[in-house]
Amino acid sequence: MTLFGHLDPYAGDPILSLNEAFQTDARAHKVNLSIGIYFDDAGRIPVLECVHLAEARMLAEDGAKPYLPMEGALSMRAAVQALLFGADHPALGSGRIATLQTVGSSGGLKVGADFIRRWLPASEVWISDPSWDNHRAMFEGAGIAVHSYPYYDAAGGGVRFDAMCTALAALPPRSVVLLHACCHNPTGVDLTHEQWRALVPVLRERQLLPFLDLAYQGYGDGIAEDAFAPRLLASEGLSFFVANSFSKSMSVYGERAGALSVVCADRDEAALVLGQLKAIVRRIYSSPAIHAAGIVSRVLGEHDLRTLWEADVAAMRMRILAMRRSLHAVLSAKKPGRDFGYFLTQRGMFSYTGLTAPQVDRLREEYAVYLVRSGRICVAGLNRGNVERTAEAIAAVID
């Protein structure tokens, strides 16, 4: 008998494993549309000028590198709150928001999940159908039961909003509802402003606890525009969680720069929440990364860097939109009897193509085009050098 011989083999993460397979593919014309990473038109992960400058200023200070507090750097936490809610939002002035710097938005989801399991032990979580695979895994890993609510309309390409509201209206009080604040992963189909407003009474009357995931701020309609949901819910007086990330918007994936904010009833409640969040952090990783804090706080807080960053985010958003239009144009020309308009209405990095798993397999095996078997593509993996070939490959596998 060995000590660990009884362990089940790890099947691997479906997206990360696919990315590993792509790296070993020797075909020169291969295209990676699997992993949610922004690539520039040359197929590279860009290093933003604002990040270059922020790091240069950090190095010039030649400062010590102590442990940060459990809650992270105050400068980053304040910058995150202003970014998410607006610098003049009453929720900031009243002090009713507790914010942690976290190890990416995944770290924020994990800390939030542990908090819910400890302090709301009867609460269960509902995620959209479909949702990012790791949403279910993270909450179930915290010991919380996870269910799904209706969301994506495969036939019409929109949101099953009436069915969604009906399902949420039947949930037990204090149920946690995971909502994508913008650029829904994996479908790219978002709630409209009118639908967000219509959702508020359902959340309030059923005493539900929203948990917003905001990983792609700036990739939808704009930096401020993509924060519509957290600003609305805060203005409506709701209590909720929001995990956000700078991986995509600042192209700092490996820095694991994220945050978790909890909007509470008042300042006193926010202090209690922050204290217990810190206790959870202490039990997991003790404190977050000082380098990530320095990058984010400088880029958001120094005027010249903020200006460069906003221009870069706008350029990335427009490049993704251009790739959507190119993909739509080629597919429409190749398959004139089919409607590919969903590529133009979906938002952010991802699109649901409607491709079946066997069609996805053909794309990978015959054309070296990699995407996950759900048919989701990362539009940011397209560029002027591969978009036409990719569209032709998709057209070839469509029945």
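Count residues from 1 along the sequence.
- Taking the charged nitrogens against the carboxylate oxygens, R306 and E310 do have a contact shorter than 4.0 Å, which makes a salt bridge.
- The minimum heavy-atom distance linking Y253 with Y38 is given by the pair OH-N, 2.8 Å.
- Under the 6.0 Å cut-off for aromatic ring centres, Y151 and H184 qualify, their centroids lying closer than that.
- If you run side-chain contact (heavy atoms from CB on, under 4.5 Å) between Y367 and each of R362, R389, E392, only R362 comes through.
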For this session: Given side-chain contact (heavy atoms from CB on, under 4.5 Å), test V80 with S261 step by step and report yes or no.
Result: CA-CA 9 Å; V80 165; S261 297; 4.3 Å; yes
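- Counting only N and O atoms by type, the side chains of S351 and Q346 include a donor and acceptor under 3.5 Å apart.
- No donor-acceptor distance shorter than 3.5 angstrom exists from the side chain of S251 to the backbone of L48, with no hydrogens or angles considered.
- Two rings, from F211 and F115, have their centers 6.0 Å or more apart.
- A distance of 10.5 Å separates CZ in F139 from CG in N134, rounded to the nearest 0.5 Å.
- By the side-chain hydrogen bond (donor to acceptor under 3.5 Å, both in side chains) test, E124 pairs with H147, sequence neighbours left out.
- Between V387 and T390 the shortest side-chain heavy-atom distance does not fall below 4.5 Å.
- Taking the ring centre of F22 as origin, the terminal cationic atom of K30 falls inside the region bounded by 6.0 Å and 45° from the ring axis.
- The CG atom of L260 sits 13.0 Å away from the NZ atom of K110 when rounded to the nearest 0.5 Å.
- Residues L109 and F241 have side chains not in contact (no heavy-atom distance under 4.5 Å, counting atoms from C-beta outward).
- Note on R298 versus E61: salt bridge recorded, some NZ/NE/NH1/NH2 to OD/OE distance being below 4.0 Å.
- For the atom pair CD (E225) and CZ (R231), the distance works out to 9.0 Å, reported to the nearest 0.5 Å.
- Under the 4.5 Å side-chain criterion, counting only non-hydrogen atoms from C-beta, N244 is not in contact with S105.
- Rounded to the nearest 0.5 angstrom, S326 OG and L382 CG are separated by 8.5 Å.
- Here the NE2 atom belonging to H52 is positioned 12.0 Å from the CG atom belonging to L308, to the nearest 0.5 angstrom.
- Although no hydrogens or angles enter the test, the distance criterion places no donor-acceptor pair under 3.5 Å between the side chain of R160 and the main chain of P150.
- Put simply, the side chain of R197 reaches to within 4.5 Å of the side chain of F228, judged on heavy atoms.
- A salt bridge links D361 with R364; the closest basic N to acidic carboxylate O contact falls under 4.0 Å.
- Once rounded to the nearest 0.5 Å, the distance linking CZ of R204 with CG of L233 reads 9.5 Å.
- V313 approaches I223 most closely through the heavy-atom pair CG1-CG1, 4.1 Å.
- Closest approach of F240 and A234 over heavy atoms only: CE2-N, 3.4 Å.
- Proximity of L277 to V111: side-chain heavy atoms (C-beta onward) are separated by under 4.5 Å at one or more points.
- Under the rule for a side-chain hydrogen bond (donor to acceptor under 3.5 Å, both in side chains), R206 has no partner lying at least two apart in sequence or in another chain.
- For the pair R77 and L74, the minimum side-chain heavy-atom distance is below 4.5 Å.
- For the pair P230 and L214, the tightest heavy-atom approach, listed with the atom from each and the gap, is CG-CD2, 4.3 Å.
- Taking 4.0 Å as the cut-off between side-chain N and carboxylate O, R319 and D41 count as a salt-bridged pair.
- Side-chain contact between I35 and C378: absent, with no pair of heavy atoms (C-beta onward) separated by less than 4.5 Å.
- When all heavy atoms are compared, the tightest approach of Q217 to A227 is NE2-CB, 3.7 Å.
- Looking only at side-chain heavy atoms (C-beta outward), L344 and R325 come within less than 4.5 Å of each other.
- Contact detail for A270 and I97: the closest heavy-atom pair is CB-N, 4.1 Å.
- Contact check on K248 versus D226 returns no salt bridge, with no Lys/Arg side-chain nitrogen under 4.0 Å from an Asp/Glu carboxylate oxygen.
- Looking only at atom types and distance, the side chain of S128 has no donor-acceptor partner in the side chain of H135 under 3.5 Å away.
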